[in-house]
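Step one of this worksheet: look at the structure below.
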Amino acid sequence: MPQVMTAREAVKTFIKDGATIGVGGFVGAAHAEEISMAIGDEFLATGKPRDLTLIYAAGQGNGADLGLNHLGEEGLVRRVIGGHWGLVPRLQKLAMENKISAYNLPQGVISHLFRDIAAGKPGVITHVGLQTFVDPRQQGGKLNGKACEDEDIVKLLHIEGEEKLFYKAIKIDIAIIRATYADEMGNCTMEHEGVTGEALSIAQAAKNCGGKVIVQVKQIVNHGSLDARLVKIPGIYVDALVLAEEENHKQTFGTYYNPSYSGETRVPASSVKAMPLDERKIIARRAAMELVPNAIVNLGIGMPEGVASVAAEENLKGMVLTTESGTIGGIPAGGGDFGVTMNPDTVLDQPYQFDFYDGGGLDVAFLGLAQMDQEGNINVSKFGPKIAGAGGFINISQNARKVVCCGTFTAGGLKVSIKDGGLSVEQEGRSKKLIAHVEQITFSGAYAQSKQQPVLYITERAVFALTPEGVEMKEIAPGIDLQKDILEQMEFTPIMKNVQLMDHHIFLPEPMGLTL
């Protein structure tokens with residue numbers, strides 16, 4: 001039987017100096033907040049545990065002080081291998097100050113790595129990451145000088161005449177995961193969780209490495225009272241159960257509990273609030289025009305989230321929205337709820353979702369556009385000293401049949417007005433986003449071209465496409481001045497052959513009447 005302990009007791013008992021910890025969760029969904037908090041509190045009180053290695057797939061934080069930000073104390077962690085860094089500024093700070101070894105690997109690769117560690121395999125062999133900053137011919141996923149002095153965890157292989165990347169397996173000492181209910185024997189269900197993530201794989205990895213598994217739950221019940229078909233984590237894996245306070249076991253960082261997120265109820269799609277008509281909605285509307293009947297779709301975090309809202313407003317049927325967290329169907333949520341979905345048809349474990357993505361199952365992916373260059377490369381992962389991280393971007397963008405990158409033309413203070421079916425730039429953003437060379441390659445235009453992958457870049461004032469000759473401007477918004485509003489705000493000149501006006505319905509307040 002597992003021990004029932006407070007979070008601080010579990011930390012003191014099981015987490016030793018130098019341990020490698022695998023942590024599950026997606027933003028705030030299925031993240032063991034009480035245990036993360038206890039690790040930070042114990043370190044501040046006693047100076048232990050120290051020099052931890054932290055490995056996680058999806059970003060787990062609120063961009064301030066929750067989630068893995070509790071571990072952002074100098075001396076507590078020595079090395080961090082994360083799929084996404086944008087939500088953990090306290091860990092970012094340690095990385096930027098070169099106080100920890102910092103790595104960024106594709107989110108899907110890390111989720112698969114947990115599974116392969118559990119199976120005793122040497123690591124993950126995949127095409128994912130080729131010709132991006134994860135490729136060892138570029139940075140090998142290393143984010144700072146301290147990581148460059150540390151070990152290489154990505155290697156280039158040649159198998160059957162093809163290039164592959166090998167991501168080295170890492171021994172997991174401690175698994176920190178979350179569930180809904182546990183019985184006295186440690187069998188755990190996840191029926192109130194919006195995602196299941198890679199909780200099972202992390203638990204198996206730790207157990208098969210000779211480590212310990214700590215599970216945060218909302219309630220402990222009698223053995224035999226749980227439906228065996230709902231048990232996600234078998235009790236044979238579990239060493240400690242932590243009964244959490246309600247405040248530290250919210251369904252997401254944005255919502256205490258919404259049964260439509262866990263598939264227990266369904267709510268009308270009309271309950272999704274329509275977006276105001278601004279630059280974000282313009283981009284989302286133009287992106288939604290790329291949807292096709294029966295398409296299987298992924299929506300990235302940030303700007304692409306608006307496509308779900310537009311699809312709901314237009315009452316679009318005949319396509320299926322998915323998220324890398326494992327949800328299929330329904331309407332993906334945004335903001336602090338990102339990763340969960342309203343009215344999902346299915347919630348898969350994250351590694352299995354990435355199996356489908358990596359194998360080419362997505363018809364179209366709508367992803368962010370933070371920086372773009374003349375080669376069609378995209379950077380969403382690193383800006384100067386700021387580390388955002390790739391998340392699932394590399395897995396998704398390299399393998400979707402079509403990629404639509406969405407973002408404003410400039411950043412930092414951009415203000416536009418929309419009237420009479422057209423667009424006017426009232427105040428230009430301080431930073432150019434279409435530049436000569438991106439700071440870091442998260443998406444490789446050359447790799448996309450080698451696969452003949454269609455790629456569009458959609459902004460509020462222009463639409464571009466990746467062609468064999470380079471980046472070509474395809475559309476311009478009504479009311480926009482080509483020279484002043486576009487060419488002077490770019491660091492390269494796009495190909496311009498037959499530039500069309502963007503559909504004026506995009507700029508009108510009423511629904512567009514989109515159909516599939």
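When a residue number appears, it is its place in the shown sequence, counting from 1.
Under the side chain to side chain donor-acceptor pair (under 3.5 Å) criterion, Ser201 pairs with no residue at all, not counting sequence neighbours. By the side chain to side chain donor-acceptor pair (under 3.5 Å) test, Glu246 pairs with no residue at all, sequence neighbours left out. In this view, Lys48 and Asp17 satisfy the side chain to side chain donor-acceptor pair (under 3.5 Å) rule, not counting sequence neighbours.
If you look at Phe26 and His31, their ring centroids are not closer than 6.0 Å. Residues Tyr167 and His112 place their aromatic rings such that the two centres sit no closer than 6.0 Å.
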Take Gln204 and Tyr237 through the test side-chain hydrogen bond (donor to acceptor under 3.5 Å, both in side chains) and record every step on the way to the result.
-> CA-CA 7 Å; Gln204 289 179 329; Tyr237 304 162; 3.0 Å; yes
Does the salt bridge (Lys or Arg N to Asp or Glu O under 4.0 Å) test come out yes or no for Arg266 and Asp345, once each step is laid out?
-> CA-CA 10 Å; Arg266 298 183 76 86; Asp345 294 325; 3.7 Å; yes
Assess whether salt bridge (Lys or Arg N to Asp or Glu O under 4.0 Å) is satisfied between Asp135 and Lys155, documenting all intermediate values.
-> CA-CA 8 Å; Asp135 193 314; Lys155 295 181 180 179; over 6 Å; no
Applying side-chain hydrogen bond (donor to acceptor under 3.5 Å, both in side chains), run through Ser325 and Gln350 and close with a yes or a no.
-> CA-CA 5 Å; Ser325 60; Gln350 188 170 210; over 6 Å; no
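With Phe14 as the aromatic partner, Lys212 does not meet the cation-pi criteria of under 6.0 angstrom to the ring centre and within 45 degrees of the ring axis.
Each of Lys99, Arg90, Arg50, Lys93 was evaluated against Glu74; a single residue qualifies, Lys99, per the salt bridge (Lys or Arg N to Asp or Glu O under 4.0 Å) test.
Between Glu198 and Arg115 there is no salt bridge, since no side-chain nitrogen of the basic residue lies less than 4.0 Å from a carboxylate oxygen of the acidic one. Salt-bridge check for Lys168 with Glu151: passed, with a basic side-chain N closer than 4.0 Å to an acidic carboxylate O.
Looking only at distances, no side-chain donor or acceptor of Asn379 sits under 3.5 Å from a matching main-chain atom of Gln371. When atom types are taken as modelled, the side chain of Lys16 and the backbone of Ala19 share no donor-acceptor pair closer than 3.5 angstrom. Formation of a donor-acceptor pair under 3.5 Å by the Lys146 side chain with backbone atoms of Ile100 is not found in this model.
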